[in-house]
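Following: one structure in structure tokens, then a few remarks.
Atom set for the values below is all heavy atoms of this structure, side chains included, hydrogens, waters and symmetry mates excluded. Below, read A as the first sequence line, B as the second, and so on, with proteins coming before strands; counting in each chain starts at 1.
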Protein chains: 2
Amino acid sequence: MAASVVLNAARTSSRIAPETRARILAAAARLRYRPNAAARALADRRMNTLGVAAVVDSGELNLYFLGLFNGILAAAARHGQNTTVFTLFDWEQDAARLPGLCDGRIDGLILIGPVLSREAIRALPDHTPFAALHPNIPIPGSINLESDEETGAYEMVRELIARGHRRILHISGQRGLLGAERRIRGYKRALAAAHIPFDASLLMNAGFSMDEGRRAMSKWLERSIGQPLPHAIFCVNDGCAIGCLEALAEVGLKVPEDVSLAGFDDTLAARTTVPQLTTVRQPLHAMGSRAVETLLARIRHHHGHAAPEIQETIVFPTEIVWRDSVGTPTAAPKMVPAS
Amino acid sequence: MAASVVLNAARTSSRIAPETRARILAAAARLRYRPNAAARALADRRMNTLGVAAVVDSGELNLYFLGLFNGILAAAARHGQNTTVFTLFDWEQDAARLPGLCDGRIDGLILIGPVLSREAIRALPDHTPFAALHPNIPIPGSINLESDEETGAYEMVRELIARGHRRILHISGQRGLLGAERRIRGYKRALAAAHIPFDASLLMNAGFSMDEGRRAMSKWLERSIGQPLPHAIFCVNDGCAIGCLEALAEVGLKVPEDVSLAGFDDTLAARTTVPQLTTVRQPLHAMGSRAVETLLARIRHHHGHAAPEIQETIVFPTEIVWRDSVGTPTAAPKMVPAS
DNA sequence: CTGAAAGCGCTTACAG
DNA sequence: CTGAAAGCGCTTACAG
């Protein structure tokens, strides 16, 4: 007992005599004593470990994940918490595995971009606090963190228009996904505000990946041979924009000389393209850190500490980052070449 | 006891009567029983968790880490293992923290690119098995996984020469780091094999990051104004190559028209540049998976199972991936423009 | 100031 | 086939 108190600098009532303390410390050093985390967790009902659950699409975690994860790790390290990663293949199919993860090995769980049905949400265990980053539906009882994607999209398109771009192609994410729909709404609102009629042929459904961006762009180009290029292309995220860039390069079209291009997220990739990508920045690092901080507040609450005042939903502002992929439109837009 | 046996399908001698078994299962379902991982770990002396320790340079995990980590996660998932990430700031300074991580919360530890002194290696605890990916010094007693970087560099430079490039600038990593030195050796060997004298002005010391690549390239360009460009530039890794690409773009030089460019690693970034990067592929995903498999074999061994035949050092072959950043050299190389 | 005691939730011999 | 018992390594009242 005395050893436990001394070695943990515990806040129990017990005082240990200096001499005893010294003896304990000496013995610990001599024996190279290391506390056992599992035993401590069992006695404490606390693992000091946070879980992170994310879907690996096409077998790989992506840069969006990496941005959030870096923020999560930084905050976790500040608070002496470990982070364990659970990978899922598919939200719908793996939602059933979530309760099994909350078995005492983690104190709280961060869900990255969860797409859960209302039933799946109802089945979530209530003894473990959750935080959801970009949930497709806000999860009741969980902390929900999102960014103001609609405003981000709105402002990006408004600014493109302000720079003279009028025909703006939007390559969107899967219809029905909240993030995709919000960007579409922002896009449409900005067009309407500038009295530019919405043109359905300038909205391509694609997805959040490079592959989907490439395919969607190629398809659009193929079906538009001989017609004028848009002035600018606004993509649902950076990955999609990079796929787009590839498809344009394949038929010899240059960004931003022939057409301007914008992405969304400001992941690492936006700075590694040539030209660098103009994009709507989501503060991924800050969002990841904040998820950890708020989750830890909840965990302390669960452990009987003072009840923290926690918003259920935290919205982060977005911001436009201007780089070289957006230029000024040429007077006479180039025609789409045959490929 | 019966509950434990039934719920775990345990391999104990005990047989449980079907009726008892049914009663237990029913009760477990009714009570929504979830085993407690900490208690199980304490009794089993096994956490079913692997640790991953990596340095975050400039606050961010990079794509090299992401490549390995994806492989680690995939293999860990296959074996029902969790993965917890420990971030370090600096190997030298944080080596002392390593023993503290081996306190029963993990069964084995994977070190990503460790740069450890012989003393730090000696201080590593011996009750926890290790695997080291790209260790700067092979760690005795640990599984060491590396790729054949020297051959990769040699073949890349040999092939560049075969395509007509003779003046080849090498932007290297920090001198003294094994990975950097091996690439330099490969570079020099390939020059020697083609009877091209080594030119010290064509070797720039930089580092493994985009920033360092950009700075080194800019510096080289500045000091070479009015002189001929190299035919090709071979960078220590993809990140460095991308920095290079930026520095070239800044002064209006185009890849591959004005100069060819090659990287190393084949991270995600190599496919997201325009033009896409020719690079030496290290099988990062496979290396991460293999680290997990061999580490698990060791852990089973530690737990008294059959001794596995494990090589101390596993070397993965590299492979050149041809993309668009390498072209054929022009007859008259461009001169370095004033910036 | 100190230490004997109970308990965290599980597992695995072992004796009936 | 079944269940009482000891033990994993820690923490925290609690009684001296």
Salt bridge check: are Arg290(B) and Glu146(B) linked by an N-O gap of less than 4.0 Å? no
Arg78(A): partners by salt bridge (Lys or Arg N to Asp or Glu O under 4.0 Å), with sequence neighbours left out: Glu293(A)
Identify all side-chain donor-acceptor contacts of residues 83-92 of chain B below 3.5 Å with residues at least two apart in sequence or on another chain.
residue, atom, partner, partner atom, Å
Asp90(B), OD2, Glu92(B), N, 3.4
Asp90(B), OD2, Gln93(B), N, 2.9
Trp91(B), NE1, Gly113(B), O, 3.1

Can you tell me the distance, in whole Å, between the CG atom of Asp103(B) and the C1' atom of dC10(D)? 12 Å
Test side chain to side chain contact (heavy atoms under 4.5 Å, CB included) applied to Ala43(A) - qualifying residues, sequence neighbours left out: none
ring-ring contact (aromatic ring centres under 6.0 Å, His included) partners for Phe208(B), two or more places apart: none
Polar pairs (N or O, both sides) under 3.5 Å between protein and nucleotides 7-9 of chain C?
residue, atom, partner, partner atom, Å
dC8(C), O2, Ala43(A), N, 3.4
dG9(C), N2, Ala39(B), O, 3.3

Suppose we screen for salt bridge (Lys or Arg N to Asp or Glu O under 4.0 Å). Which residues come up paired with Asp148(A), at least two apart in sequence or across chains? none
Listed by chain and number, what are the side chain to side chain donor-acceptor pair (under 3.5 Å) partners of Asn237(B), not counting sequence neighbours? none
Under the 3.5 Å Watson-Crick or G-U criterion, the dot-bracket string of DNA chain D, with | for inter-strand pairs: |||.||||||||.|||
Provide, to the nearest angstrom, the distance between the CZ atom belonging to Arg46(A) and the C1' atom belonging to dC10(D). 16 Å
Report the residues that fulfil ring-ring contact (aromatic ring centres under 6.0 Å, His included) with Phe69(B), sequence neighbours left out, ordered by chain and then residue number. Phe69(A), Phe65(B)
